[in-house]
Protein chains: 2
Amino acid sequence: MAVTLRDVAHALGVSHTTVSNAYNRPAKLSEQLRRRILDTAAEMGYQGPDPLAAGLVRRQAGALGVLFDEDLAHALTDPAALLFLQGVARAGQASALGLTLLPAPRTTEDLAARSALVDGFLVYSVAAGNPGFLAALRRDIPLVVVDEPAPPNGDDWMFLGVDDRGGAELAARHLLELGHRRIGVLVDRLTPGDRQGPADPERLAATTYQVARERLTGYLAPLPEHPWIWECGGGTPEHAVPATRALLASGVTGVLAMTDELARGVLRTAATMGVAVPRDLSVIGFDDIPEASRTDPPLTTVRQPLADKGVLAVEVLTGARSAGVRLPTHLVTRATTAPAPR
Amino acid sequence: MAVTLRDVAHALGVSHTTVSNAYNRPAKLSEQLRRRILDTAAEMGYQGPDPLAAGLVRRQAGALGVLFDEDLAHALTDPAALLFLQGVARAGQASALGLTLLPAPRTTEDLAARSALVDGFLVYSVAAGNPGFLAALRRDIPLVVVDEPAPPNGDDWMFLGVDDRGGAELAARHLLELGHRRIGVLVDRLTPGDRQGPADPERLAATTYQVARERLTGYLAPLPEHPWIWECGGGTPEHAVPATRALLASGVTGVLAMTDELARGVLRTAATMGVAVPRDLSVIGFDDIPEASRTDPPLTTVRQPLADKGVLAVEVLTGARSAGVRLPTHLVTRATTAPAPR
DNA sequence: TCCGGCTAGTTTACCGGTAAACTCGATGTT
DNA sequence: AACATCGAGTTTACCGGTAAACTAGCCGGA
């Protein structure tokens, strides 16, 4: 496009401001002139004010950026992230905002967050110290972190999370009350990377994902003895397969899965191994994603308000609500938990 | 932020271009001066070049817009759309592009597509004549339509789709070969809106969704007699429930579901009604979403390369590949089809 | 010695708009 | 008759950068 506002103005012998007004402030000129302007603009192939230029002077982009940990395609397969995103989309659509999805890669290379044309950032569960996150933080636009990382000094950035620790504790207590003593814990990841295997105390101490740390703390709190803890190296159901085999081999009767996706993997693996849930094995997930109520048997899990979190995050970002909140979690007892065998 | 490039330049007694170069073209100045500039910039609280301003002069936004039909939250629950989006994300990430999700509402009100800060549009299965789509089309940036709407004159816009008709025909033939004669077809929607119920010839003729029309045409081609056709008013499994009841009441032995999501709904409904699949009822879906291989029993369906479509769409958009392609579809025979009963 | 070619910057010209303040004639008001 | 008000535009001043062309000093080679 070569034809600009001024070209149109010239062609009609009016000031360029008037042409601008024809688009943005119809009230400021006669309907008649406005028609003339719009018509000749169409004739000349003028497509309306350039959004970039308008954005520059208005100092706004009309979109909000959502930063996901590492890979974008990953986030798009995670039901929890998706549900959050739906909430964001609903709230954003109400404010006529676009949604710009951005990856926050571990490498310093990329600069997506530095140069993204957005009015604010929603950071969804990104590893502490992630370069993309840091870049976003430096931008002079509002930023709300959801779930992770929690601000070290309480007010380094706006934060919205859930009561991970409390929810985890509920889950552990539930197993305990059912008489389970040999308990296994499944974590997706303790640190960025795909490390998998049993997690010894040293490894646990190295945990950088704060949500993992919180849930772990909650799990451990009521347990009389240390459970088996297994790091899966990823969050899909498939990642839970080797861990489940290992845990079952250790004679575990109850599994605390840190996410519902992992719990689904446990369920599937148990089924293929001929282990009956909940008779031989109890399983509790975390998140209460939609699929959780449709697993076979339906999954007992800790519910957190995922979609609401998305809506609230946008409200915090736009200043309609104050930050620093931790939303409540609670146990949803379905059919994957039963008294311990024997 | 009030501190600009020029402020920093002033403070150091260098030209503003030099400061700009410090950020964008390190080779154009001495490493020593560059350090000085970056340091005082940090001191002064300058956060680096404003992306909006840079975008204006460079004439690029660094993001590509993905336009979805009507509601964004809807698209985020549709497995097929999501899989497409994953492909897009993968390809976009490779080119360091952000992904801006945009709704294309039916009302003329909204202007998301008109003012979105993007370098190109991917239009995913949007209703023909949708105002948001039209707005995007008018923008002077590349645009690729995926699936819908197909360009009326062949070159009104770049297009990428799949062989919907051919795939549908394969599905119908398969049922036929298995001896089915009483066949039902489930459509999500024939036109925008949530109208549901049996579709008579008149209603069929009014179909505006071209993918629906194509698949329908493919279904009908080999069938000796007209099947029962039911419009579900939406694409979720739940939307298929009333339709399934109605079809079963009509004594149908085979169902052609226009999407896997609908097919899942058929499967669930059949299960709750005590109808055995595939013994009493055969079901064929369309798309081959990941869930399709995990339904009970695993779904026979028509496969289309959803994720590849996303990747290819980006390639077409960036000019790396030519448009106008229809990707192949083929039948994946799993366990929801069997010879007709009796 | 003179010239061409680097290096390291500077000058100048945009990019395509928006907003606030101002002008000017017509209207209405007391 | 004098004056505030309003509608309909215009003037002027940015928004915050980038890029191309130009300059000045310096070095090496013929």
Side-chain angles (χ1 to χ4, degrees), chain A residues 1-38 40-41 44-62 111 114-119 138-141, chain B residues 1-38 40-41 44-62 111 114-119 138-141:
Chain A
M1 151 158 65
V3 39
T4 87
L5 206 64
R6 285 163 218 261
D7 296 336
V8 177
H10 236 93
L12 280 127
V14 301
S15 85
H16 65 276
T17 299
T18 300
V19 178
S20 173
N21 285 336
Y23 286 93
N24 302 315
R25 288 208 256 287
K28 298 220 82 176
L29 34 59
S30 65
E31 187 48 38
Q32 175 187 340
L33 177 54
R34 174 149 192 270
R35 270 266 68 79
R36 272 212 304 148
I37 292 179
L38 261 31
T40 59
M44 299 177 65
Y46 179 65
Q47 315 294 27
D50 181 325
L52 232 32
L56 171 59
V57 49
R58 289 204 177 110
R59 310 241 43 97
Q60 53 146 338
L111 20 70
R114 173 147 55 233
S115 60
L117 269 25
V118 296
D119 298 318
R138 272 193 295 274
R139 295 275 300 266
D140 262 348
I141 52 181
Chain B
M1 152 156 67
V3 39
T4 86
L5 207 66
R6 286 161 217 262
D7 297 336
V8 178
H10 235 95
L12 279 126
V14 300
S15 84
H16 65 275
T17 298
T18 301
V19 178
S20 173
N21 284 337
Y23 285 93
N24 302 316
R25 287 207 256 287
K28 299 219 82 178
L29 36 56
S30 65
E31 186 50 37
Q32 174 187 343
L33 177 54
R34 174 151 193 266
R35 270 265 69 79
R36 274 214 304 148
I37 291 178
L38 262 30
T40 60
M44 299 178 64
Y46 178 64
Q47 314 294 24
D50 180 324
L52 232 32
L56 171 59
V57 50
R58 289 206 177 108
R59 312 240 42 96
Q60 54 146 338
L111 20 73
R114 172 147 56 231
S115 60
L117 269 25
V118 297
D119 298 318
R138 270 193 296 273
R139 296 273 301 264
D140 262 347
I141 53 181

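When reading the values below, keep in mind they use all heavy atoms of this one structure, side chains included, and skip hydrogens, waters and symmetry mates. Chain naming here is simple, since letters A, B, ... match the order of the sequence lines and numbering starts at 1 in each.
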Would the base of dA19(C) count as contacting S20(A) through its side chain, where contact means a donor and an acceptor less than 3.5 Å apart?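 A donor-acceptor contact between them is absent.
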
Inset, instruction - Just jot down the side-chain hydrogen bond (donor to acceptor under 3.5 Å, both in side chains) partners of R59(B), sequence neighbours excluded, or say none. - result: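 Checked R59(B) against side-chain hydrogen bond (donor to acceptor under 3.5 Å, both in side chains); matches are D50(A).
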
Distances for protein N/O vs nucleotides 21-28 of chain C N/O pairs under 3.5 angstrom?
none

Counting the atoms with a prime plus P, OP1 and OP2 as sugar-phosphate, which does L29(A) contact under 4.0 Å by heavy atoms, base, sugar-phosphate, or nothing?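 Touches sugar-phosphate only.
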
Residue set satisfying side chain to side chain contact (heavy atoms under 4.5 Å, CB included) with H16(B), at least two apart, ordered chain then number -> R6(B), A9(B)

R34(A) CZ - dA8(D) P separation (whole Å) |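 These atoms are roughly 13 Å apart.
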
In whole angstroms, the gap separating C1' of dA19(D) from CZ of R58(B) amounts to 10 Å

How many whole angstroms separate atom CG of L5(B) from atom P of dG16(D)?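 Rounding to the nearest Å, CG of L5(B) and P of dG16(D) are 11 Å apart.
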
The criterion is side chain to side chain contact (heavy atoms under 4.5 Å, CB included); which residues satisfy it with Q32(B), sequence neighbours excluded?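 Checked Q32(B) against side chain to side chain contact (heavy atoms under 4.5 Å, CB included); matches are S30(B).
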
Q | Given dG17(D), dG9(D), dT18(C), the nucleotide with the shortest approach to the side chain of A54(A) | A |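 In terms of side-chain proximity for A54(A), the closest of dG17(D), dG9(D), dT18(C) is dT18(C).
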
For A22(A) and I37(A), the nearest pair of non-hydrogen atoms, with its separation, is CB-CG2, 3.8 Å

query: What's the shortest heavy-atom distance between R138(B) and R114(B), and which atoms?
result: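 Heavy atoms only, the tightest pair is NH2-NH1, 4.0 Å.
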
| task | Quick one: closest heavy-atom pair of S20(B) and L5(B), and the distance? | result |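 In this case the closest contact between S20(B) and L5(B) is CB-CD2, 3.8 Å.
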
note: Y23(B), atom OH; dT18(D), atom P; distance rounded to Å ~ 10 Å

(request) Let me know the distance between CG of D50(B) and C1' of dC15(C), rounded to the nearest Å. (result)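 Distance, rounded to whole Å: 13 Å.
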
T18(B) meets the side-chain hydrogen bond (donor to acceptor under 3.5 Å, both in side chains) criterion, sequence neighbours left out, with S15(B)

Closest non-hydrogen contact found for A116(B) with R139(B) is O-NH2, 2.9 Å

(Q) Between the base of dG17(D) and the side chain of R6(B), is there a donor and acceptor pair under 3.5 angstrom? (A) yes

With respect to the side chain of N21(B), which nucleotide from dG17(C), dT10(C), dT18(C) is positioned closest?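 My answer, after comparing the listed nucleotides, is dT10(C).
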
Most 5' of L33(B) and V57(B) on DNA chain C, judged by nearest nucleotide |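 Closest to the 5' end, via its nearest nucleotide, is L33(B).
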
Taken in chain and number order and not counting sequence neighbours, the residues that satisfy side chain to side chain contact (heavy atoms under 4.5 Å, CB included) with A41(B) are V8(B), Y23(B), Y46(B)

**Report entry** Degree of bending in the helix from dT1(C)-dA30(D) to dT30(C)-dA1(D) once both end axes are built from five pairs, to 10°
**Finding:**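 The angle, to the nearest 10 degrees, is 40°.
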
#### Entry: Spacing between R59(A) atom CZ and dC15(D) atom P, to the nearest angstrom
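About 9 Å, once rounded to whole Å.
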
Rounded to whole angstroms, how far apart are CG on N24(A) and P on dT18(C)?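 In whole Å, dT18(C) P and N24(A) CG are 5 Å from each other.
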
Taken to the nearest whole Å, NE2/H16(B) to P/dC15(D) is 13 Å

message = I'd like to know if T17(A) reaches the base of dT18(C) with its side chain, counting only an N/O donor and acceptor under 3.5 Å.
response =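 No, the side chain and the base share no sub-3.5 Å donor-acceptor pair.
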
Among the nucleotides dG9(D), dG17(C), dC15(D), whichever has the atom closest to the side chain of T18(A) is dG9(D)

Per atom distances to the R25(A) side chain, the nearest of dA19(C), dT18(D), dG16(C) is dA19(C)

Point to revise | Contact residues, residues 7-15 of chain A to DNA chain D [heavy atom, < 4.0 Å] | key: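 The answer is V14(A), S15(A).
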
Heavy-atom nearest pair, L29(B) first then R34(B), reads CD1-CB, 3.6 Å

Applying the side-chain contact (heavy atoms from CB on, under 4.5 Å) test to R36(B), which of T40(B), L38(B), L33(B) qualifies?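 Running side-chain contact (heavy atoms from CB on, under 4.5 Å) over T40(B), L38(B), L33(B) with R36(B) returns exactly one hit, L33(B).
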
Sequence neighbours excluded, the answer for salt bridge (charged side-chain N to carboxylate O under 4.0 Å, His left out) partners of R35(A) is D39(A)

